[in-house]
Amino acid sequence: MACGQACPKQCISLNGDEEGFWYPYVDAELCIDCGLCEKVCPVLHPFQSNRPLSTLAAVNPNEAIRANSSSGGVFTLLAEEVVSRGGVVFGAAYDSDWMVSITSAQTIGELDKFRGSKYLQAKVGNTYRDCKAFLDTGIYVLFSGTPCQISGLKHYLRKDYDNLITVDIVCHGVPSPGVWKQYLAEVSDAGKRAIRDVKFRDKRDGWRKFNFVIDYSEGSEEYVMASEHDKNPYMRAFLSDLILRPSCYECPAKCGRGSADITLADFWGAEHFIQDDDKGVSLVMLNTNKGTRLFQSCSILPTSVDYDEVSKYNSAIFNSCSPHPKRAEFFASFVKGDGVNDLIVHLLKPSYRQQIRQLRSTVKMLIKRVLHPVGGVKIG
Ligand SMILES: Cc1cc2nc3c(=O)[nH]c(=O)nc-3n(C[C@H](O)[C@H](O)[C@H](O)COP(=O)(O)OP(=O)(O)OC[C@H]3O[C@@H](n4cnc5c(N)ncnc54)[C@H](O)[C@@H]3O)c2cc1C
């Protein structure tokens with residue numbers, strides 16, 4: 001949406017396509033063919049790939065904030081530092097209908113809304129324009145989002161600002177907001193109860209065994225729908241690449257091409273490098289001196305790690321995922337108005353061959369456990 005916000009005639013609007021993703025649409029009647037939309041397009045002019053200056057493992061010392069963050073909660077530390085300097089923070093938050101938009105915050109209390117990964121495409125709206133307005137008045141700004149959103153911001157701004165810090169996340173890809181809306185309508189107790197919170201990465205059973213949770217609690221009455229991520233249909237569809245935006249399968253913002261000052265990720269494989277308590281660890285990639293200075297001013301005790309070694313455990317840093325073979329079948333039914341929950345369960349049902357393979361690996365695991373009853377056995 002760099003194009004929509006740069007357009008001098010405001011003839012580019014953001015609308016949902018039939019698969020439910022946000023896209024810019026040009027009103028050809030109003031267009032004066034000035035070419036600015038193409039000049040600011042991050043897809044037509046991708047940035048160079050980038051290797052971090054340093055790579056660190058870190059966690060937020062505040063256990064409550066860490067528990068509510070998807071990895072180690074480092075994002076909140078950075079955001080708090082910016083707010084404490086009188087700055088403004090942009091990030092992804094839920095709207096009133098549990099869709100996701102990029103929005104801003106200027107107080108520590110407001111930062112709660114950015115915490116935690118929300119697995120759907122966030123609406124950028126006019127936030128590049130709003131961000132520029134803050135930057136032009138000299139206010140310190142932290143803008144966060146997916147690598148493509150940061151790349152879009154940089155192209156929109158078309159110049160460097162000393163008072164801008166950008167933070168992107170390593171991104172698997174974004175699911176369709178239309179599919180999310182439909183899924184929520186199907187599972188949210190058919191509108192009988194108001195949703196209080198949605199967590200895609202609830203850590204009550206640990207960081208690795210994260211749960212998908214919808215909280216409907218009202219007053220003292222607790223009511224929560226929770227399912228393990230590998231059993232929840234929406235999470236399975238996301239993680240098996242069934243419902244991602246087509247651009248995510250050929251992401252032009254991988255390998256640091258988002259050009260953010262700091263990149264955050266889940267530190268998968270952390271147990272091989274540091275003492276790991278399964279409460280979540282952030283992998284922090286400091287890409288610029290500006291990003292390094294902000295990170296160093298946060299109250300945090302990081303551990304240096306080797307980028308080449310740790311990135312072996314996180315293929316999303318480099319690689320786009322491939323579309324699930326049944327993606328087209330899924331969206332053909334979705335476009336016709338079929339429900340999504342049962343459709344996902346049906347399409348992701350393991351084939352006969354996969355079931356046999358799963359059974360074989362379970363038997364193999366059980367045999368190894370019997371043969372090596374003491375200590376852990378690596379299955380592979
Ligand atoms: C769609 C998506 C896919 C991801 N895929 C991977 C992956 O494959 N591998 C990996 O290592 N890490 C991935 N992450 C990043 C990771 O899960 C954490 O978000 C990141 O490590 C920051 O964690 P934190 O604990 O510091 O902060 P948190 O509080 O967990 O994260 C907050 C940050 O996430 C941003 N955010 C949340 N939802 C969205 C959204 N829908 N769109 C844009 N920004 C959003 C907020 O703006 C804020 O900057 C993904 C995140 C998202 C949103």
Side-chain angles (χ1 to χ4, degrees), residues 21-22 55-60 62 64-80 82 89-95 98-105 110-125 127 142-153 165-177 180 198-203 207-208 210 229 234-235 238-239 241 243-245 248 251 253-254 258 260 262-270 279-285 295 298 300 302 310-311 313-321:
F21 294 100
W22 298 118
T55 307
L56 306 142
V59 299
N60 192 317
N62 181 321
I65 291 179
R66 186 179 171 203
N68 281 314
S69 305
S70 292
S71 31
V74 166
F75 174 74
T76 302
L77 279 172
L78 299 168
E80 283 175 349
V82 169
V89 174
F90 285 82
Y94 291 116
D95 299 342
W98 301 100
M99 303 304 280
V100 177
S101 298
I102 303 290
T103 174
S104 63
E110 281 177 282
L111 298 176
D112 291 11
K113 63 184 177 186
F114 300 142
R115 221 163 280 146
S117 297
K118 294 126 189 129
Y119 292 133
L120 56 141
Q121 185 191 5
K123 204 172 176 177
V124 173
T127 49
L142 184 160
F143 197 103
S144 71
T146 56
C148 56
Q149 287 163 347
I150 301 305
S151 178
L153 171 71
I165 280 277
T166 49
V167 177
D168 66 6
I169 47 171
V170 165
C171 181
H172 178 86
V174 290
S176 154
W180 166 245
V198 177
K199 283 203 176 98
F200 290 86
R201 295 276 298 268
D202 183 280
K203 294 178 178 172
W207 176 44
R208 289 181 179 76
F210 59 91
H229 69 272
Y234 184 84
M235 289 304 291
F238 164 51
L239 294 169
D241 312 327
I243 54 172
L244 303 182
R245 198 173 191 269
C248 300
C251 176
K254 289 277 170 196
I262 300 176
T263 300
L264 298 175
D266 287 297
F267 189 178
W268 300 130
K279 291 180 181 172
V281 185
S282 296
L283 186 65
V284 184
M285 288 159 261
F295 182 78
C298 298
I300 198 159
V310 297
S311 55
Y313 294 88
N314 200 328
S315 67
I317 296 174
F318 310 106
N319 305 321
S320 301
C321 37

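Numbering of ligands and ligand atoms starts at 1, following listing order. Computed from heavy atoms alone, side chains included, the values below leave out hydrogens, waters and symmetry copies.
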Trainee: Could you check whether Arg208 pairs with Asp266 (Lys NZ or Arg NE/NH1/NH2 to Asp/Glu carboxylate O, under 4.0 Å)?
Mentor: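 Salt bridge absent between Arg208 and Asp266.
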
Trainee: Measure from NZ or CZ of Lys279 to the centre of the six-membered ring of Trp207 and say whether it is under 6.0 Å with the direction within 45° of the ring axis.
Mentor: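 Cation-pi check for Lys279 and Trp207: fails.
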
Trainee: Within a strict 4.5 Å, meaning less than it, do heavy atoms of the Val174 and Lys118 side chains meet?
Mentor: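 When only atoms from C-beta onward are counted, Lys118 and Val174 do not touch, as no gap falls below 4.5 Å.
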
Trainee: Do you see a donor-acceptor pair shorter than 3.5 Å between the side chains of Ser176 and Arg245?
Mentor: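 No donor-acceptor contact under 3.5 Å links the two side chains.
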
Trainee: Would you compute the distance between atom OG of Ser69 and atom NZ of Lys203 and round it to the nearest 0.5 angstrom?
Mentor: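 Taking OG in Ser69 and NZ in Lys203, the distance rounds to 6.0 Å.
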
Trainee: Could you tell me, for ligand 1, which of its N or O atoms are under 3.5 Å from any protein N or O, listing the pairs and their distances rounded to 0.1 Å?
Mentor:
residue  : atom   : partner : partner atom : Å
ligand 1 : 5 (N)  : Val170  : O            : 3.3
ligand 1 : 5 (N)  : His172  : N            : 2.9
ligand 1 : 8 (O)  : His172  : N            : 3.4
ligand 1 : 11 (O) : Asp266  : N            : 2.9
ligand 1 : 11 (O) : Asn314  : ND2          : 2.8
ligand 1 : 12 (N) : Val170  : O            : 3.2
ligand 1 : 12 (N) : Asp266  : OD2          : 3.3
ligand 1 : 14 (N) : Val170  : O            : 2.9
ligand 1 : 17 (O) : Ser117  : OG           : 2.9
ligand 1 : 17 (O) : Arg201  : NH1          : 3.4
ligand 1 : 17 (O) : Asp266  : OD2          : 3.2
ligand 1 : 19 (O) : Ser117  : OG           : 3.0
ligand 1 : 21 (O) : Ser71   : OG           : 2.7
ligand 1 : 21 (O) : Ala265  : N            : 3.4
ligand 1 : 21 (O) : Ala265  : O            : 3.3
ligand 1 : 23 (O) : Ser71   : OG           : 2.8
ligand 1 : 25 (O) : Ser71   : N            : 2.9
ligand 1 : 25 (O) : Ser71   : OG           : 3.3
ligand 1 : 25 (O) : Gly72   : N            : 3.4
ligand 1 : 25 (O) : Gly73   : N            : 2.8
ligand 1 : 26 (O) : Val74   : N            : 3.1
ligand 1 : 26 (O) : Phe75   : N            : 2.9
ligand 1 : 29 (O) : Gly116  : N            : 2.9
ligand 1 : 30 (O) : Ser70   : N            : 2.7
ligand 1 : 30 (O) : Ser70   : OG           : 3.4
ligand 1 : 30 (O) : Gly116  : N            : 3.4
ligand 1 : 38 (N) : Lys118  : N            : 3.0
ligand 1 : 41 (N) : Lys118  : O            : 2.7
ligand 1 : 41 (N) : Leu120  : O            : 2.9
ligand 1 : 47 (O) : Ala92   : N            : 2.8
ligand 1 : 47 (O) : Ser144  : OG           : 3.2
ligand 1 : 49 (O) : Ser144  : OG           : 2.9

Trainee: Quick check: do Asp241 and His172 have side-chain heavy atoms less than 4.5 Å from each other?
Mentor: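 With C-beta onward as the side chain, the pair touches.
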
